[in-house]
Amino acid sequence: MSATSYSPGQRAWLRFKANRRGFLSLWIFALLFVLSLAAELLSNDRPVMIRYEGQWYSPLLYDYPETTFGGDFRTRADYLDPFLREQLGKDANWAIWPLNDYRFDTINYFSPSPNPAAPSPVNLLGTDDRGRDVLARLIYGFRISVLFGLALTMLGVLIGVIAGAVQGYFGGRTDLAFQRFIEVWSSVPELYLLLILASIFEPSIWILLTILAIFGWMGLSDYVRAEFLRNRTLEYVTAARALGLSNLQIIWRHVLPNSLTPVIAFLPFRMSAAIVALTSLDFLGLGVPPTTPSLGELLAQGKENLDAWWISLPTFGVLVGTLMLLIFIGEALRDALDTRQG
């Protein structure tokens with residue numbers, strides 16, 4: 001098939017695949033993200049499935065008392081208890097365990113070393129200063145960071161595209177009014193606003209997402225505005241008006257699809273900026289609640305425990321690795337969408 005027989009989307013995909021670094025980064029990032037979505041199956045203090053005395057049990061879905069497995073108390077079963085482990089491995093009983101035996105909030109009460117404990121066969125990356133497994137908190141913290149980055153990016157793109165489209169398509173006084181509003185809104189000190197809200201409300205990821213979203217759309221709206229200002233004067237828009245299409249139909253069907261190139265190219269970079277913002281705010285104590293697994297909270301613990309290198313170094317590696325993958329993907333997208341490429 002000749003190059004001219006490909007559609008513009010197919011040619012962009014071929015250019016993206018030709019960038020081996022970006023294409024490989026996309027696969028690695030997608031694999032890590034999918035694995036993190038199954039964090040409960042990879043790192044948990046409960047077995048995935050139990051076969052005990054001829055009965056099937058699903059600890060991930062239901063809470064069982066200790067007496068179910070031969071214990072003496074009707075409290076919730078602690079599957080890290082050596083007695084329960086012995087019961088589940090006795091005779092014909094068996095259990096399917098996760099790869100890592102700890103959840104993000106599980107405290108290892110049976111650790112032979114004081115906390116923070118160094119890496120060992122029990123805790124592969126050691127424990128933090130509260131006895132929680134560092135590997136488990138990294139897995140769950142990576143998932144929260146990526147999901148937060150995706151949510152913030154989508155919200156910012158939605159608001160930015162709408163604002164930029166309205167400014168660029170209608171122009172004139174509408175554009176001037178929006179530009180003055182953006183100048184005023186961008187001068188509001190975002191960090192001070194977060195400090196005020198943190199002193200009034202309990203820290204919440206939803207409050208953080210809302211505050212960052214209402215400030216994070218302005219940079220993208222400038223690119224969309226510029227694309228709309230250029231495209232609205234082209235002949236196909238004039239022809240659409242002559243055919244009687246409404247402004248909304250022209251924007252949705254014609255101008256917007258031809259103005260999304262900078263939006264798509266900047267998505268990985270905006271996502272990396274969102275992850276850095278969440279990590280920074282968590283490091284300062286202004287982000288998610290303290291019990292939530294977070295890369296920023298682990299970095300703060302590493303700062304407080306400089307001798308516990310197993311807390312800060314793996315966390316720094318996960319954060320830098322994630323940002324590098326997103327940047328490589330963004331560079332490959334930018335080159336793929338450049339129509340000057342062959």
Side-chain angles (χ1 to χ4, degrees), residues 29 33 36-37 39 104-105 137 139-168 174 177-225 228 251 256 259-260 262-300 315 318-319 322-323 326-327 330:
F29 181 79
F33 179 53
S36 71
L37 293 178
F104 67 88
D105 56 353
R137 293 189 70 80
I139 295 174
Y140 285 86
F142 173 80
R143 179 174 69 178
I144 288 180
S145 297
V146 175
L147 289 176
F148 180 87
L150 283 172
L152 183 57
T153 301
M154 293 300 104
L155 283 175
V157 166
L158 178 62
I159 300 174
V161 167
I162 293 175
V166 172
Q167 292 179 80
T174 302
F178 259 99
Q179 288 297 99
R180 301 294 82 75
F181 170 77
I182 290 176
E183 290 175 3
V184 173
W185 190 245
S186 61
S187 64
V188 176
E190 183 178 352
L191 182 58
Y192 288 164
L193 185 60
L194 283 170
L195 288 171
I196 294 172
L197 292 177
S199 63
I200 299 175
F201 301 102
E202 182 179 354
S204 168
I205 196 169
W206 300 110
I207 294 178
L208 190 62
L209 183 63
T210 303
I211 296 298
L212 293 179
I214 62 178
F215 283 97
W217 57 271
M218 289 174 283
L220 182 63
S221 68
D222 291 338
Y223 293 99
V224 178
R225 170 180 172 269
F228 267 75
I251 291 174
L256 182 61
S259 304
L260 289 180
V263 176
I264 298 174
F266 276 92
L267 284 179
F269 299 108
R270 293 186 62 83
M271 187 172 173
S272 62
I275 293 176
V276 170
L278 176 64
T279 304
S280 302
L281 292 172
D282 287 339
F283 181 81
L284 297 174
L286 301 175
V288 296
T291 56
T292 306
S294 165
L295 300 181
E297 189 265 345
L298 279 173
L299 289 176
T315 307
V318 169
L319 180 60
T322 302
L323 297 180
L326 289 172
I327 290 172

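Bear in mind the structure is a predicted one, so any value in this text is a computation, not a measurement.
In terms of heavy-atom proximity, P262 sits nearest to S259 at CD-O, 3.6 Å. Closest heavy-atom contact between G219 and Y223: O-CD1, 3.3 Å. Here the closest heavy-atom approach between residue I182 and residue S221 is recorded as CD1-OG, 4.0 Å. For the residue pair V288 and T292, the shortest heavy atom distance occurs at CG2-CB, 3.8 Å. Considering every non-hydrogen atom in both F269 and S272, the closest pair reads O-OG, 2.7 Å. Scanning both residues, F104 and T291, for their nearest heavy atoms gives CE1-O, 3.7 Å.
Annotation: side chain of W217 is not in contact with side chain of V161 (no heavy-atom distance under 4.5 Å). For the pair Y140/D105, no side-chain contact is recorded, criterion being any heavy-atom separation below 4.5 Å from C-beta on. Side-chain contact check for Q167 versus D222: every heavy-atom pair is 4.5 Å or farther apart. Contact annotation: the side chain of L326 never approaches that of R270 to less than 4.5 Å [non-hydrogen atoms, C-beta and beyond]. Under the 4.5 Å side-chain criterion, counting only non-hydrogen atoms from C-beta, D282 is not in contact with L295. Here the side chains of I275 and L319 are in contact, with some heavy-atom distance below 4.5 Å. Taking 4.5 Å as the limit, some side-chain heavy atom of L281 sits within range of a side-chain heavy atom of L212. Using a 4.5 Å cut-off on side-chain heavy atoms (C-beta onward), F142 and V146 make contact.
Between the CZ atom in F283 and the CD atom in E297 there is a gap of 11.0 Å [rounded to 0.5 Å]. Remark: I144 CD1 to T279 OG1 distance equals 11.0 Å, nearest 0.5 Å. Here the OG1-CG distance, from T153 to L158, works out to 12.5 Å after rounding to the nearest 0.5 Å. In this structure, F228 CZ and I251 CD1 are separated by 6.0 Å, a value rounded to the nearest 0.5 Å. The distance from the CE atom of M218 to the CZ atom of F178 is 12.5 Å, given to the nearest 0.5 Å. The structure places CZ of R143 at 7.0 Å from CG of L37, a figure rounded to the nearest 0.5 Å.
In terms of modelled atom types and a separation under 3.5 Å, the side chain of R225 and the main chain of G168 share no donor-acceptor contact.
Ring geometry for F33 versus F29: interplanar angle under 30°, hence parallel rather than tilted (30 to 60°).
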